[in-house]
Amino acid sequence: MSNSQIAQIFSQMADLMEIKGEDRFRINAYRTAARAIADLGEDVADVAARNELLKIPGVGKGTAAKIIEFLREGKIGVHQELLEQYPPGLRQLLEIRGLGPRKVETLYRELNVASIADLRACIADGRLQRLKGFGEKTAKVILEGLEFLEQAGQRTPLGIAAPIAAELRDAVSRFPGAGRVEIAGSLRRGRDTVADLDMVCEAADGKPIIEQFTRLGPVAQILAAGETKASVLVDRPDGAGQIQCDLRVVPSESFGAALQYFTGSKEHNIRLREIAVKRGWLLNEYGLFKGETRLAGHDEAGIYAKLGFPFIPPELRENRGEIEADGHVPDLLEYGDIRGELHAHTTASDGRLTIEEMVEAARERGYQYLAITDHSRSSVIAGGLSAEDVLRHAAEIRALNARLKDFTLLAGAECDILPDGSLDYPDEVLAQLDWVVASIHASQHLDRDTQTRRSIAALENPYVCVLGHPSGRLLGRRDAMDLDWDLIIKTAARTGTALEINASWQRLDLNDHHVRMATEAGCWLSINTDAHSAADMDQMSYGVQTARRGWARKARVLNTFTAARLQKWIAAKRAR
DNA sequence: GCCGTTTTCGGCCCGACTGTTTTCAGTCG
């Protein structure tokens, strides 16, 4: 896909134009275009081939011409010209907190600063501090920004961020004078990783709340603290650096507006504010106003209602069609719709609990069924089962199932997809199981064609119910496999084989984009925690959020079914 | 550079906090 390359070029151009001091609206147009192309569900080359580039919102004649230039030449002339005007390391300086385009330009022009090393040298010998508009404090902020960038520069996974945020929210809730307290930002929208934590607190007087907040135990550094707003750095419990947390305090009548505002996304909010402006209104974090009159602000639903929308769930607020949907937002599934877990391991392979203990864990979470899917023989490190062992294991699962009341156990396997696309068990073994998850666990760096053929072969097998963690990514540790997603999703839709949304926060695989593609293609989905322990099952909410971000409807998610309906689905799938 | 059931020109989202300032530019979200 050239989409990400083109998006990168446009955002690079925007950065450089900003340093150059060009018109900010033109710069913004490039950023909008970059984002639109990055979010595109299909290859931009295909759109260009259909002559439909201008249909992409944010892409006009100028941008379209540059896209075509890139597709033909592999580069864009004006981008190359910009690159020649500035040293290659300059853009990196923008990533340092406290340094924006104006300061970077000044540093380059006055002191010839072109890299982080130059920057450090200028601070060390005091040249930076003597510049007009700079001072000791600026130098200190830049050094702190550099330190943060080096030790914690990357985004924090949802599964790390969510518990930290919950703890901070509970602490703030206990402050005297605090009313409603909510987590906002990309965490509330359920993104797989977050850059920082945002919180909104309702209180008549902000100052005491802010003061207490900055004194909380986990706070390692205060970046800013005013009357209504504070930014701090908090230590990550896993020791992997720090994460920024912003708290905003507003009065009761503004809480909904502030929560809406700080939940974002920025792009979604800009759309809403444009709609407000068109009606002669004003939308900000204090409310929706017509002149002096407050039309809404106490709660989020009121803001959306006044603007003519139903409540738009946070997961959809990405300006990916939720505004245009104009009320026709799909019937998104909810956490409470989940009735079972369809991917779980026991001590038979690499899980930590017995079958009985896993059943107990599932029942504690209100589930009606559980599929036991231990590893197959090729996953040697995970203690994969031989064909004989998996059948013996299945008999044991069924024996227990016969004794259970109001609960269904499915005897299954997580069967490896081998490098040649064949499965780790022969069909006659798979046929004797109730439920089969097929997953790739090894040889993840084969070329795109081979890798795609592997996945497709598994999807075509009638005994395979679901393709497990389809991209193979491990957030921050391993890239997704190079796959032809169009083809995989089309095949899944045609064969009726489900695609997994692996809910483990290290995976979240499918990701939101691919869920959206799968949903539009009419694929079945299964949200699985891939549980190796009882606690793992609690990650289901991350998977549900990812599904919602991909506009998944309850009707297409298998583990919202009753056990009886699921059994029928399996029978129908095998009969195809 | 994009966009248009008021517009093909003239707009383009909004506010808090900070540092280095004598009233505000820069940065951030």
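Every chain is numbered from 1, with letters handed out A, B, ... down the list of sequences.
- Contact annotation for A:Ala225: backbone-only contact, meaning every heavy-atom pair under 4.0 Å involves sugar-phosphate atoms and none involves a base.
- Between A:Glu318 and A:Arg271 no salt bridge is recorded (no basic side-chain N to carboxylate O distance below 4.0 Å).
- Each side chain to side chain donor-acceptor pair (under 3.5 Å) pair with one or both residues in residues 205-216 of chain A, not counting sequence neighbours, would appear here, but there are none.
- A:Tyr30 comes within contact range of the sugar-phosphate backbone alone, with a heavy-atom separation under 4.0 Å but no base atom that close.
- At the heavy-atom level, A:Arg24 lies nowhere under 4.0 Å from the strands shown.
- Residue A:Lys140 is classed as having no contact, given no heavy-atom separation below 4.0 Å to the nucleic acid.
- Scanning both residues, A:Ala225 and A:Ile222, for their nearest heavy atoms gives CB-CG2, 4.1 Å.
- The residue A:Val141 sits apart from the nucleic acid: no heavy atom pair falls under 4.0 Å.
- If you check every strand for non-hydrogen atoms under 4.0 Å, A:Gly185 touches nothing.
- Within 4.0 Å (heavy atoms only), A:Ser231 reaches no atom of the nucleic acid at all.
- Rounded to whole Å, the C1' atom of B:dT20 lies 14 Å from the corresponding atom of B:dT27.
- Residue A:Ile27 is classed as having no contact, given no heavy-atom separation below 4.0 Å to the nucleic acid.
- Separation of the P atoms belonging to B:dT22 and B:dG26 is 13 Å when rounded to the nearest angstrom.
- Nearer to the 5' terminus of DNA chain B, by closest-nucleotide assignment, is the contact made by A:Lys278 (compared with the other of A:Glu285 and A:Lys278).
- The outermost nucleotides of DNA chain B lying under 4.0 Å from heavy atoms of chain A, listed 5' to 3', are B:dG1 to B:dG29.
- Looking at heavy-atom distances under 4.0 Å, A:Lys61 makes contact with sugar-phosphate atoms alone, never a base.
- Put simply, the residue from A:Arg548, A:Arg549, A:Arg191 that forms a side-chain hydrogen bond (donor to acceptor under 3.5 Å, both in side chains) with A:Glu315 is A:Arg548.
- Across all strands shown, B:dG15 forms a Watson-Crick or G-U wobble pair, both distances under 3.5 Å, with B:dC28.
- Taking the C1' atoms as reference points, B:dG1 lies 24 Å from B:dT5, given to the whole Å.
- Using a 4.0 Å heavy-atom cutoff across all strands shown, A:Leu282 reaches sugar-phosphate atoms only and no base atom.
- Note on A:Arg26: a base of the nucleic acid sits closer than 4.0 angstrom, heavy atoms only.
- Judged by closest nucleotide on DNA chain B, A:Leu223 is the one of A:Leu223 and A:Asp246 placed further toward the 5' end.
- Look at A:Arg516 and A:Glu42 and you find no salt bridge, because none of the NZ, NE, NH1 or NH2 atoms lies under 4.0 Å from a carboxylate O.
- Side-chain contact between A:Cys201 and A:Phe213 is absent, with no heavy-atom pair separated by less than 4.5 Å.
- Among the atoms of the strands shown, none is found under 4.0 Å from any heavy atom of A:Glu267.
- Using cut-offs of 30° and 60° on the angle between ring planes, the pair A:His514 and A:Trp485 is parallel.
- Taking the C1' atoms as reference points, B:dT23 lies 15 Å from B:dT18, given to the whole Å.
- Counting any heavy atom pair closer than 4.0 Å across all strands shown, A:Leu131 reaches no nucleic acid atom.
- B:dG4 and B:dC13 are spaced 14 Å apart, taking the P atom of each and rounding to whole Å.
- Shown here, B:dT5 is classed anti by the O4'-C1'-N9-C4 or O4'-C1'-N1-C2 angle, which is more than 90° from 0.
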Indicate every side-chain donor-acceptor pair of residues 63-81 of chain A with a distance under 3.5 Å to a residue at least two apart or in another chain.
residue : atom : partner : partner atom : Å
A:Lys66 : NZ   : A:Tyr30 : OH           : 3.3
A:Glu69 : OE2  : A:Gly77 : N            : 2.8
A:His79 : NE2  : A:Gln12 : OE1          : 2.6

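- For the pair A:Arg91 and A:Tyr86, the NZ or CZ position fails the cation-pi test of under 6.0 Å to the six-membered ring centre and within 45 degrees of the ring normal.
- Looking at heavy-atom distances under 4.0 Å, A:Glu136 makes contact with sugar-phosphate atoms alone, never a base.
- For B:dG15 and B:dG10, the C1' atoms lie 24 Å apart once the distance is rounded to whole Å.
- Taking the C1' atom of each, B:dT6 and B:dG11 are spaced 13 Å apart, rounded to whole Å.
- Distance noted for atom C1' between B:dC2 and B:dT7: 14 Å (whole Å).
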